[in-house]
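Notes follow once the structure below has been shown.
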Amino acid sequence: MTLNLSEQELIRTKKKEQLEALGIHPYPAATFATNTSAKDILTKYPTDPTRYQQVVLAGRLMSRRIMGSAAFVELQDASGRIQLYIHRDTLCPDQDKTFYNTVFKKLIDMGDIVGVHGHVFRTKMGTISIHVSQLILLTKALKPLPVVKEVVEQGTVKTYDAFTDPEQRYRQRYVDLIVNPHVREIFVKRAQLIRSIRQYLGVQGYLEVETPILQPIYGGAAARPFKTHHNALNTPLYLRIANELYLKRLIVGGYEGVYEFAKDFRNEGMSRFHNPEFTMLEAYVAYKDYLWMMDQVEILLEKVALDLHSTTEVCVGQHTINFQRPWKRFTLFEVIQHFTGIDVRGMDEAALRDVAHKLGTTVAASAGKGKIIDELFGSHCEPKLIQPTFITDYPIEMSPLAKRHRADPSLAERFEVICNGKEICNAFSELNDPLDQRQRFEEQLELGKRGDEEAMALDEDFLRALRYGMPPTVGVGIGIDRLSMIMTNAASIQEVIFFPQMRPEKQV
RNA sequence: GAUUCCGUAGCUCAGUUGGCAGAGCAUCUCCCUUUUAAGGAGAGGGUCCUGGGUUCGAGCCCCAGCGGGGUCACCA
């Protein structure tokens, strides 16, 4: 089949055939064993110039400057880029110069993957380079890469022709990763972040677990689900919107600390803060409460910042965010009063509606007390909370899985962490009274009947588990994508997810 | 979902009032001494997102659609 190949692709396909005709396999099978990396050479060679007399490394050719019988090319491996010096008579010590003149100069292109043998030296210009004695084609690239050029001028890096189109970057992330080193770095940071959290929880002795993604009843959060169907069981199944109810079942089962880095799925709008599938850390610890968990979250996120940046301060857009403990703590009512000057404590629905109206906040007619308070917080307080801040003690109606506040039954023992104007963490003392929990579920069913599409379903098996007794427990959820955005200074969730959801590309 | 901006060569982007579709890099041919956004000479490369319409004539104006970005709404 002949696709609409560009001129450059046709030329490369022809070059691949010419290589084969010369007996050079464009896609060899054998292991290519390297003994170093670009970064390793660049960092260690200056202090030990006698090392690296016999290096072997592999990577992608990212630039070529050919001058007659000598050439400079840049090789990029997973660690970075290093310059190669390729001289005709070193590469072809005999009479036959075909390999240099034809194979290297004409048939190998930018973007091809090669292995090299050689020794490290400094050029006249002082650049650490590899004088190549042997070059092996490892993979022929049939499509040309975007050519991004960088030059250092008076200490600052200027980039020319950067590959920046968001659609192409996300649809062809592999190209983005090849030509934009800072993008590779974001995902390295994300992996470090997860490792840092996992290490902390592991040291505490908690058990990392896996729970069902396909669930017969979706629960643990307020959201619309993705629905699917199991053929053999002939039953509907839902992709989980949260794993909360399963982790609590494990606490009932006797584990005293469990956690899961969970992919959750929510069938809702997309924005630079929302992807239909996203990663959430949930952790549950028995015999502890939400006050204890606040300290834990502070310690944990301070550690994450230190592990990633060696400082508690992180630059995010215009702001410098400092994760150093202790963080500010407000109750929800306090923070609303702080930013609006109005004390909404004890107000009934009509009074709250009146306040919302005066402050110019639009509230849906169906919204109850809790929802109105949440709206007031969301529009007047949340965007102003840049430094990590605890907000505690939410209205009970908004928290159907949380334990009633020990001092005020209209509130839940719940806190969120707001950072850079967005929620990154949600936690509460877990409701373990099975009768109260049943009643809360039933209130949710009522909301569902009134048309709230996000009201929670009643999970009889979960209630049965609670009737066997769940110890007092605290649970926490941390949005890993949003935390990654903060920790990597990313403006969009698409920058911290390798393959963000997009409309399917139309086929040609 | 609403609104707004964008879509031109492999990449980054110009394109005037509606008048022969352009530049740099990349590609191809030739020259070339340790170069670095290498340089010099020449050449090729286009469904101007798609489909209609207006017009003697549309990349440009109008309508509809597709894709993407921003903002808002919904939503953690």
Side-chain angles (χ1 to χ4, degrees), chain A residues 4-12 14-15 62-74 81 83-88 90 105-106 109-111 121-127 129 131 141-153 157-172 175-176 178-180 221-224 241-242 264 266-276 278 280 362 364 367 371 374-375 377-379 382 398 416-418 421-426 452-454 477-479 481-483 491-494 500 502-506 508:
Chain A
N4 293 336
L5 293 181
S6 70
E7 181 195 32
Q8 293 192 41
E9 287 178 77
L10 290 169
I11 289 167
R12 285 180 178 232
K14 183 143 269 171
K15 287 180 176 180
M62 297 304 288
S63 77
R64 297 202 306 164
R65 297 182 294 278
I66 294 177
M67 303 148 295
S69 63
F72 293 87
V73 307
E74 282 183 297
R81 287 190 189 188
Q83 177 169 275
L84 308 181
Y85 172 62
I86 296 175
H87 190 259
R88 183 186 59 199
T90 314
K105 278 172 71 172
K106 295 199 192 305
D109 292 300
M110 275 168 57
F121 75 112
R122 264 185 207 274
T123 64
K124 277 184 192 168
M125 305 300 290
T127 308
S129 307
H131 191 136
L142 296 182
K143 279 178 83 71
L145 287 172
V147 181
V148 180
K149 292 194 172 169
E150 288 184 346
V151 62
V152 181
E153 277 174 11
V157 178
K158 267 180 92 172
T159 304
Y160 295 84
D161 298 340
F163 180 67
T164 55
D165 179 53
E167 179 173 3
Q168 290 201 72
R169 286 186 49 228
Y170 303 148
R171 286 197 193 280
Q172 302 187 51
V175 175
D176 191 29
I178 293 168
V179 303
N180 290 325
R224 282 149 61 192
I241 58 174
D264 292 340
R266 298 187 184 177
N267 204 341
E268 290 169 343
M270 292 164 59
S271 76
R272 67 195 185 93
F273 293 105
H274 301 85
N275 195 61
F278 61 99
M280 176 92 92
T362 50
K371 184 79 181 167
D374 190 42
E375 288 285 342
F377 173 71
S379 48
E382 198 176 38
M398 296 167 59
E416 295 192 350
V417 176
I418 312 297
K422 281 277 163 187
E423 176 204 339
I424 56 169
C425 173
N426 182 17
D452 186 344
E453 289 188 78
E454 294 171 355
I478 297 177
D481 308 281
R482 288 191 183 172
L483 186 59
S492 159
I493 200 168
Q494 298 172 110
M502 306 201 53
R503 262 201 184 75
E505 211 171 350
K506 61 180 172 207
V508 216

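Letters go in sequence order (proteins before strands), and every chain restarts at 1.
The 5' end of RNA chain B is approached more closely, in terms of each residue's nearest nucleotide, by A:K106 than by the other of A:K106 and A:Q494. Toward the 5′ end of RNA chain B lies the nearest nucleotide of A:S492, the other residue of the pair A:K422 and A:S492 mapping further downstream.
What separates CE of A:M67 from P of B:rC30 is a distance of 18 Å, to the nearest Å. Going from atom CZ of A:R64 over to atom P of B:rA37 covers 18 Å, rounded to whole Å. Protein atom NZ of A:K14 is 18 Å distant from nucleotide atom P of B:rG44, rounded to whole Å. Between the NZ atom of A:K124 and the C1' atom of B:rU35 there is a distance of 10 Å, given to the nearest Å. With rounding to whole Å, A:N275 atom CG is found 11 Å from B:rG69 atom P. Atom CZ of A:R169 and atom C1' of B:rG67 are 17 Å apart (whole Å). Per the geometry, CD1 belonging to A:I66 stands 13 Å off P belonging to B:rU33, to the nearest Å. As a whole-Å value, the separation of A:E268 CD from B:rC75 C1' is 5 Å.
Using Watson-Crick or G-U wobble geometry with both donor-acceptor distances under 3.5 Å, B:rA9 finds no partner in any strand shown. Using N1 to N3 plus N6-O4 or O6-N4 for Watson-Crick, or N1-O2 and O6-N3 for G-U wobble, each under 3.5 Å, B:rG42 pairs with B:rC28. Using Watson-Crick or G-U wobble geometry with both donor-acceptor distances under 3.5 Å, B:rG1 finds its partner in B:rC72. Remark: B:rA64 base-pairs with B:rU50. Criterion, Watson-Crick or G-U wobble with two distances under 3.5 Å. Across all strands shown, B:rU36 has no partner, as no Watson-Crick or G-U wobble contact with both distances under 3.5 Å is found.
Remark: the separation of the C1' atoms in B:rC20 and B:rA37 is 33 Å, to the nearest Å. To the nearest whole angstrom, the two C1' atoms, one in B:rU8 and one in B:rC60, are 11 Å apart. Annotation: B:rC25 and B:rU17 have their P atoms spaced 29 Å apart (nearest Å). Rounded to a whole angstrom, the distance from the P atom of B:rC49 to that of B:rC11 is 13 Å. B:rC74 and B:rG59 have their P atoms separated by 43 Å, with the value rounded to a whole Å. The C1' atoms of B:rA58 and B:rC62 are separated by 11 Å, rounded to the nearest whole Å. If you take atom P in B:rG39 and the same atom in B:rG24, they sit 12 Å apart, rounded to whole Å. Of the P atoms belonging to B:rC5 and B:rC63, the separation is 12 Å, rounded to the nearest Å.
With B:rG69, B:rU33, B:rC74 as the choices, the nucleotide that has an atom nearest any side-chain atom of A:S69 turns out to be B:rU33. Residue A:I11 places its side chain closer to B:rC28 than to any other of B:rC75, B:rU35, B:rC28. Nearest nucleotide to the side chain of A:M125, out of B:rU35, B:rU29, B:rU34: B:rU35. Taking every side-chain heavy atom of A:K371 into account, B:rC75 is the closest of B:rA26, B:rC28, B:rC75. Taking every side-chain heavy atom of A:R503 into account, B:rG68 is the closest of B:rC32, B:rG68, B:rA26. Comparing B:rU34, B:rU36, B:rG68 by their nearest atom to the side chain of A:T127 picks out B:rU36.
Checked by distance alone, A:Q83 brings a side-chain donor or acceptor within 3.5 Å of a matching partner on the base of B:rU35.
OP1 or OP2 of B:rC28 lies within a sub-4.0 Å distance of a side-chain N or O belonging to A:K15. Contact between the side-chain N/O atoms of A:K105 and the OP1/OP2 oxygens of B:rU29 is not found at any separation under 4.0 Å. Considering only side-chain N and O atoms, A:R171 lies under 4.0 angstrom from the phosphate OP1 or OP2 of B:rG68. A:R272 has a side-chain polar atom (N or O) that falls below the 4.0 Å cut-off from OP1 or OP2 of B:rU71. Between A:R12 and B:rU27 there is no side-chain N or O to OP1 or OP2 distance below 4.0 Å. Contact annotation: A:R65 side-chain N/O to B:rU35 OP1/OP2 distance is not under 4.0 Å.
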Every protein N/O within reach of nucleotides 40-42 of chain B N/O, cut-off under 3.5 Å:
none

Practice item. Using a 4.0 Å cut-off on protein heavy atoms (strictly under), produce a 5'-to-3' string for nucleotides 9-14 of chain B with B for base contact, S for backbone-only sugar-phosphate contact, and - for none. Key: -BSS--
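Ionic pairing of A:K143 and A:E9 is present here: one or more N-O contacts between side-chain nitrogen and carboxylate oxygen are shorter than 4.0 angstrom.
The heavy-atom pair separating A:Q83 from A:S129 by the smallest distance is NE2-OG, 3.0 Å. Contact detail for A:R12 and A:A141: the closest heavy-atom pair is NH1-O, 3.2 Å.
Panel note: side chain A:D264, backbone A:M280; no donor-acceptor pair is recorded below 3.5 Å.
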